[in-house]
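Naming convention: chains lettered A, B, ... in sequence-line order (proteins, then strands); numbering from 1 in each chain.
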There are 2 protein chains.
Amino acid sequence: MGFHMKLTDRKKQILKIVVENYIATADAIGSKAIVERLPGKISSATVRNELADLTELGYLEQPHTSAGRIPSAKGYRLYVNELMEKRALSAEETEKINQTLSGKMSQVDQIIAKAGQMVSSFVGYPTYAVADHRSATSVKRFELIAMDENSFISVVMLSDSRVKSQLMHLQLPIEPEKLPELSHLLNTHFTGIRSDDMNSRLMSLSDQVSGQWFLLLNQVVDYACELLRDASHQEVFTNGASQLLNFPEYRDLDKAQDIMSFMVDNKENLPLPTDDAPMQILIGPENVNEALKESSVVIASYDIGDNMRGLVGVVGPTRMDYATVAARLSYFAESLSRMFGKNNQLPPKEEKE
Amino acid sequence: MGFHMKLTDRKKQILKIVVENYIATADAIGSKAIVERLPGKISSATVRNELADLTELGYLEQPHTSAGRIPSAKGYRLYVNELMEKRALSAEETEKINQTLSGKMSQVDQIIAKAGQMVSSFVGYPTYAVADHRSATSVKRFELIAMDENSFISVVMLSDSRVKSQLMHLQLPIEPEKLPELSHLLNTHFTGIRSDDMNSRLMSLSDQVSGQWFLLLNQVVDYACELLRDASHQEVFTNGASQLLNFPEYRDLDKAQDIMSFMVDNKENLPLPTDDAPMQILIGPENVNEALKESSVVIASYDIGDNMRGLVGVVGPTRMDYATVAARLSYFAESLSRMFGKNNQLPPKEEKE
DNA sequence: GTTAGCACTCGTCTTCCTTGAGTGCTAACC
DNA sequence: GGTTAGCACTCAAGGAAGACGAGTGCTAAC
């Protein structure tokens with residue numbers, strides 16, 4: 001048996017049958033059952049020979065001597081790369097997706113969260129969703145609004161077009177007329193910079209402004225720093241994690257516990273795409289994370305606004321239905337890009353400063 | 001055997017032993033083991049007689065003829081109401097809580113979410129957290145900030161002191177000077193009312209303002225409506241749901257699936273307290289929700305700001321360690337109230353209009 | 001009211017056996 | 001050479017039978 005021998009067509013065909021059978025039934029398949037699904041008339045003994053070869057080459061595994069064959073991670077990989085038929089979505093499926101998308105969504109966080117939710121219910125696997133900031137976030141604009149003499153609202157617009165605001169209170173009263181002046185100060189000194197630089201800027205102002213003003217500035221700058229920090233390690237939304245318990249591979253309570261706690265409590269280190277491909281598939285041990293070594297992840301990204309992308313990851317057992325998931329997920333991602341991408345939502349903006 | 005016969009002290013003592021044993025081990029206990037934990041010298045036959053009585057009265061159950069006794073829901077209830085010793089927290093425990101609480105939190109949503117998280121890790125059971133608006137939310141103040149001639153920021157302050165804001169785009173350009181005028185319009189007509197009434201108000205303005213202005217108002221009012229709607233069915237945060245899988249009562253995959261999907265995907269109808277008691281315990285079948293009939297929930301509430309309370313619920317099997325959970329949870333709730341309650345955070349405000 | 005004694009119940013664990021799907025190998029075939 | 005029939009072998013799964021033992025309920029005596 002050669003090392004880098006190219007697989008014969010028949011071997012590939014058999015591998016494909018094994019993979020698809022396992023995806024559908026979670027059961028090993030034997031030579032006899034394979035013969036039935038193979039087009040020509042071939043004896044089971046022949047198939048057994050082929051199976052032995054495929055096993056030796058590492059594409060298949062047998063759980064125990066008399067149990068038929070199941071795909072190995074390497075087998076899945078070959079299947080995904082070469083054998084899998086890119087499924088086209090049926091008219092009903094695209095229709096259903098379009099319908100799901102038609103509800104209006106306004107805020108970025110909402111789009112991200114909702115996207116995960118929609119994908120999950122549509123592909124039938126749990127998902128996670130997160131925003132991907134392509135470049136460092138900074139503040140684009142400050143605005144202070146007087147409420148009464150002891151409190152005011154500070155509004156902070158970030159470079160990714162999100163706007164955040166909060167009510168703030170003061171120890172000492174301030175005349176409302178002063179606020180525009182302070183806003184101006186903030187806008188001239190604290191926009192377009194990274195959160196790390198904010199404090200030093202603030203310090204350099206400390207002798208130019210009165211103590212009372214300084215306290216106020218400090219409050220607002222603190223708030224902005226907090227926002228920028230949050231922006232860098234973004235919230236991860238997960239959906240439908242409990243669906244995992246339906247799959248027989250997580251019947252083992254320990255495995256279920258592992259994967260669930262990872263999806264629910266440890267969301268932060270779910271995998272992010274490593275390159276710019278529109279879609280990426282990580283199969284079993286290809287996942288760096290220990291808790292995912294027996295699971296697979298399909299990740300897609302889509303555009304929202306400028307300088308931002310949304311990510312959706314689908315999580316399932318290694319025998320996940322890659323063909324269907326990939327088809328649906330990529331259609332989803334494309335639709336989302338079309339709806340919320342740069343061209344559609346935001347008028348082009350030049351970067352500040 | 002009388003109907004409303006008051007239980008003898010010995011019966012109560014035995015019930016207590018059964019409950020606490022079951023809480024600790026999840027196993028039924030028999031007469032012989034009970035004798036060992038009972039102070040005086042009593043024979044197992046006597047205990048058997050007592051057990052038979054308690055079973056007939058509905059406080060105990062036997063899984064099968066030769067399996068000892070476990071508490072029924074009624075037994076738990078008696079235990080919680082009368083027998084449970086209110087645990088005092090140890091110095092280390094209060095210290096640990098205080099330490100956990102010392103990190104600063106600014107925004108209301110953050111407090112809610114963080115509280116659930118902290119409680120979960122501290123009581124060792126999953127929790128859920130939600131904000132409880134005591135009175136209907138309305139808009140307190142609008143503010144529009146010009147960005148460029150095609151876009152502006154609308155800032156909406158709600159009656160519960162939260163401030164939300166969003167960037168909005170216009171089809172037709174508008175002169176920035178007009179915005180204060182429009183803000184004023186919004187503040188006079190759309191503050192202090194319920195979201196249901198907003199549309200009719202908007203309609204009544206439709207012939208007083210130009211079409212272009214109307215579009216803008218419409219956009220802002222829509223946004224406000226959305227916020228008010230969100231406020232009424234508030235987001236529910238859950239934490240540590242996967243811990244449930246540790247408990248033997250959820251070893252059954254179907255039950256695990258039920259409770260997990262309830263905690264993760266169906267959070268909205270986790271129980272809210274039915275009265276104003278600072279803490280409430282719902283035992284097994286006392287829960288209205290089908291998925292919780294075999295679980296218990298301990299709910300506590302705490303004050304944040306004016307007109308708002310935070311809720312934390314602890315979810316676990318019926319044999320949850322009520323004494324410990326209750327002690328820790330109530331200390332937590334009190335501490336949170338002390339930190340974020342009316343007196344500390346917000347200066348008193350009179351209601352608008 | 002309490003206790004000792006005893007027959008009885010019933011879930012759990014272990015052992016042993018059967019069954020059958022699936023394999024790998026050999027030898028014959030085209 | 002690849003292909004096929006035949007056959008002995010393996011091994012997980014499922015079921016039956018029995019031993020074990022924790023726990024009960026009842027009776028009769030204290």
Side-chain angles (χ1 to χ4, degrees), chain A residues 1-2 5-15 17-18 21-22 25-72 75 248-249 251-252, chain B residues 1-2 5-15 17-18 21-22 25-72 75 248-249 251-252:
Chain A
M1 196 68 19
M5 156 215 212
K6 193 135 170 37
L7 293 184
T8 63
D9 274 357
R10 194 170 62 188
K11 281 197 172 61
K12 287 186 183 171
Q13 218 170 0
I14 290 175
L15 176 55
I17 290 174
V18 175
N21 172 77
Y22 193 65
T25 66
D27 250 344
I29 190 173
S31 52
K32 224 169 133 191
I34 293 181
V35 170
E36 287 166 20
R37 313 200 190 177
L38 227 33
K41 281 198 216 75
I42 301 175
S43 86
S44 65
T46 312
V47 174
R48 275 202 291 285
N49 288 331
E50 299 283 53
L51 287 176
D53 290 352
L54 284 167
T55 309
E56 200 180 345
L57 290 169
Y59 293 107
L60 297 181
E61 290 171 357
Q62 35 189 340
H64 52 263
T65 327
S66 68
R69 300 302 208 289
I70 61 173
S72 68
E249 20 273 289
R251 285 211 154 277
D252 180 358
Chain B
M1 193 67 22
M5 155 213 215
K6 197 140 167 31
L7 293 184
T8 64
D9 273 356
R10 193 170 63 188
K11 281 198 173 59
K12 286 185 184 174
Q13 219 170 358
I14 290 176
L15 175 56
I17 291 175
V18 175
N21 172 76
Y22 194 64
T25 66
D27 250 343
I29 190 172
S31 52
K32 223 169 137 192
I34 293 180
V35 171
E36 288 166 21
R37 313 199 191 178
L38 228 32
K41 280 198 216 75
I42 300 174
S43 87
S44 64
T46 312
V47 174
R48 276 204 290 286
N49 288 331
E50 300 283 51
L51 287 176
D53 290 353
L54 284 167
T55 308
E56 199 180 346
L57 290 169
Y59 293 107
L60 297 179
E61 290 171 357
Q62 35 188 340
H64 51 263
T65 327
S66 67
R69 301 300 208 289
I70 61 173
S72 68
E249 19 274 287
R251 285 211 153 278
D252 180 357

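The backbone N or O of B/Arg48 sits nowhere less than 3.5 Å from a side-chain atom of B/Ser31 that would complete a donor-acceptor pair. Using a distance-only test at 3.5 Å, with no hydrogens or angles considered, a donor-acceptor pair links the side chain of A/Ser72 to the main chain of A/Tyr59.
In this structure, the CZ atom of A/Arg10 is 13 Å from the C1' atom of D/dG1, given to the nearest Å. A/Ile14 places its CD1 atom 14 Å from the P atom of D/dG2, with the value rounded to the nearest Å. Whole-Å rounding puts the A/Lys11 NZ to D/dT3 C1' distance at 13 Å.
Counting only heavy atoms from C-beta outward, the side chains of B/Leu7 and B/Asp53 never approach each other to under 4.5 Å.
Nearest heavy-atom pair across A/Leu60 and A/Leu51 is CD1-CD2, 3.7 Å. The two residues B/His64 and B/Ala67 make their nearest non-hydrogen contact at NE2-CB, 2.9 Å. Contact record, A/Leu54 with A/Leu15: CD1-N, 4.3 Å, taken as the closest heavy-atom pair.
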Summary of protein contacts for nucleotides 10-27 of chain D, nucleotide by nucleotide, where a base hit scores B, a sugar-phosphate-only hit scores S (4.0 Å, heavy atoms): BBS---------BSBB--

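A distance of 7.5 Å separates OG1 of A/Thr8 from CD1 of A/Ile14, quoted to the nearest 0.5 Å.
Distances shown here put a side-chain N or O of B/Ser43 below 4.0 Å from the OP1 or OP2 atom of C/dT3.
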Side chain to side chain contact (heavy atoms under 4.5 Å, CB included), that's the test. Do B/Ile34 and B/Arg69 meet it? Break it down for me. CA-CA 10 Å; B/Ile34 293 180; B/Arg69 301 300 208 289; over 6 Å; no

Using Watson-Crick and G-U wobble pairs whose two distances are both under 3.5 Å, how do you write the pairing of DNA chain D as dot-bracket, with | for links to another strand? ||||||||||||||||||||||||||||||

